[in-house]
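Order of appearance sets the numbers: ligands from 1, and atoms from 1 within every ligand. Not measured: the values here are computed from a predicted model.
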Amino acid sequence: MSTNPTHRGFTSNIGAILAAAGGAVGLGNIWRFPYMLGQNGGGAFLLVYIIFVLLIGIPLMMTEFIIGRRSQRNVVGAYRALSGPRKGWVLLGIFGIVSAFLIYAFYSVVAGWTLNYIVMAAGGKLSGLDPAAVAQEFSFFTQGSFWPLFYQLLFLILTGAVITMGVQKGIENMAKILMPILFLLLLLMCVRSLTLSGSHEGLRFLFEPDFSKLTGKGVLSALGQSFFSLSIGMGAMITYGSYIRKEDRLFKTSIWIALCDLIVAILAGVVIFPAVFAFGMDPASGPELVYVVLPNVFNNMPAGALFAVLFFLLLGIAALTSTISLLEIIVAFAVEELQWKRSTASLVSTAVVFVVGALCTLSFGPLQNFKIVGYTIFDLFDLITASYLMPIGALLMTIFLGWFYPKVEVKDELSNHGTLKVKAFELYYFILRYVAPAALIVIIISGIVG
Ligand code: PHE
């Protein structure tokens, strides 16, 4: 069981960090985080979010890395390998695969939008429009069928191509190229946004907590957002963890990745909110926030057309390194558990995701009145995965590693077989066993009760 010829991992620690940070940093940071924060009152949401990332996010990311690296397996294989005779835990792996499918289905819709917006911005189609016309362009595009489906498929194919190239040549190399570009673009956008006149109001909204604006649902959203953004609770980091070299430090690696993710989310807020306020737009406008607000900003600044292209490129790059990690969860499972060829696995998964994902795309247009418990298919997939499946998956995972898996083995993996001193081990283990599950139970239940 312990050697697996299909298993070839990341070549260096920095490669692992960039690949996993690429998986974590995505639309979740630049598209979802700002609009969630905008809808949940600003600064207070940010504060709760930061607490969740540091207190629960980092330990849970370490937990996934431990499970992945210990087992050297995909998410299903990992639970099978580590659970011994208690076969039921394999279901938790399958739960992860299902979550990955659902996330990929709606995520690829928004990822596809970035391609359309790069093309529109580059062709000057967004320049010179007034805010109403920008909003209209967005509805016109997203309510259509052909183009949004076309771009979604294009994005899925792009992702599939990278995954077919393999872990080192595809995932790791892509991350090494794309992540530095992403950071540079983001910093450039920050400078631009901060030099807009009237930017301080947006910064106040982002950084000054007003707890009267935060509801119980808002707290659940912050938790869901931290899981979504760190890709925790469904096996992405188990899969990538299985590619981390035996000599790398899981503690340090997790902290780097989580900090990268947090910083990108905050910087995205710094790019977006000053602009939102400077141009009198509504921060609570929801999923279209970056698509209907930012083009106005670009229209009102020097070299705006260029910045528009750069921004949507940034968004597209962030999305790509994440869709790569989503597809890898599924493909690693198909390759290792079902013995499929990597290329076949990519192709088949991509096709299946496209069928389900198309329903999400169409839920902005032809299917916009088709609602399940009051939500469109797109909104439902987003809500179910981030607010329920990921926290529930994470809860079960903490129970598995904290209560069923032997403590000595956990310590052995985290300390690289005792060769490292892990001073914070007891703290980590305490969070794993008590703090994280308790917090998760309270938040999941309060979210369900409302
Ligand atoms: N973390 C990614 C983002 O922020 C989304 C994601 C979730 C990717 C789960 C993989 C797994 O965009």
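Remark: R73 does not engage E336 in a salt bridge, criterion side-chain N to carboxylate O under 4.0 Å. Using a 4.0 Å cut-off between charged nitrogen and carboxylate oxygen, E328 and R342 count as a salt-bridge pair.
Within the listing of ligand 1, atoms 1 (N), 2 (C), 8 (C) sit less than 4.0 angstrom from a heavy atom of G23. Listed by number with element, the atoms of ligand 1 under 4.0 angstrom from any heavy atom of G28 are 3 (C), 4 (O), 12 (O). Of all the atoms in ligand 1, the ones that sit under 4.0 Å from a non-hydrogen atom of M234 are 9 (C), 11 (C). Ligand-side atoms of ligand 1 in range of G26: 3 (C), 4 (O), 12 (O), range being under 4.0 angstrom from any heavy atom.
Between L362 and S145, the closest side-chain pair of non-hydrogen atoms falls below 4.5 Å.
Looking at atom 3 (C) of ligand 1, its nearest protein heavy atom turns out to be A24 O, 3.2 Å. Shortest contact from atom 1 (N) of ligand 1 to any protein heavy atom: F228 O, 2.7 Å. When hydrogens are left out, the protein atom nearest atom 6 (C) of ligand 1 is S231 OG, 3.6 Å; that is the closest non-hydrogen contact. Closest to atom 11 (C) of ligand 1 among all protein heavy atoms lies L326 CD2, 3.4 Å.
Under the side chain to side chain donor-acceptor pair (under 3.5 Å) criterion, E137 pairs with no residue at all, not counting sequence neighbours. Residues passing the salt bridge (charged side-chain N to carboxylate O under 4.0 Å, His left out) test with R192, sequence neighbours excluded: none.
Residue-ligand proximity: Y107 is placed with a non-hydrogen atom under 4.0 Å from ligand 1.
When Y291, F298, F311 are each tested for a ring-ring contact (aromatic ring centres under 6.0 Å, His included) with Y117, only one passes: Y291. When each of F155, Y151, F138 is paired with W113, the ring-ring contact (aromatic ring centres under 6.0 Å, His included) condition holds for F138 and for no other.
For S325, every heavy-atom contact with ligand 1 shorter than 4.0 Å involves the side chain, none the backbone.
Residue L27 has at least one nitrogen or oxygen atom sitting less than 3.5 Å from a nitrogen or oxygen atom of ligand 1, judged on distance alone.
By the neighbour-count criterion of 12 heavy atoms within 6.0 Å, atom CZ of F140 is sparsely surrounded, having that number or fewer from other residues, nucleotides or ligands.
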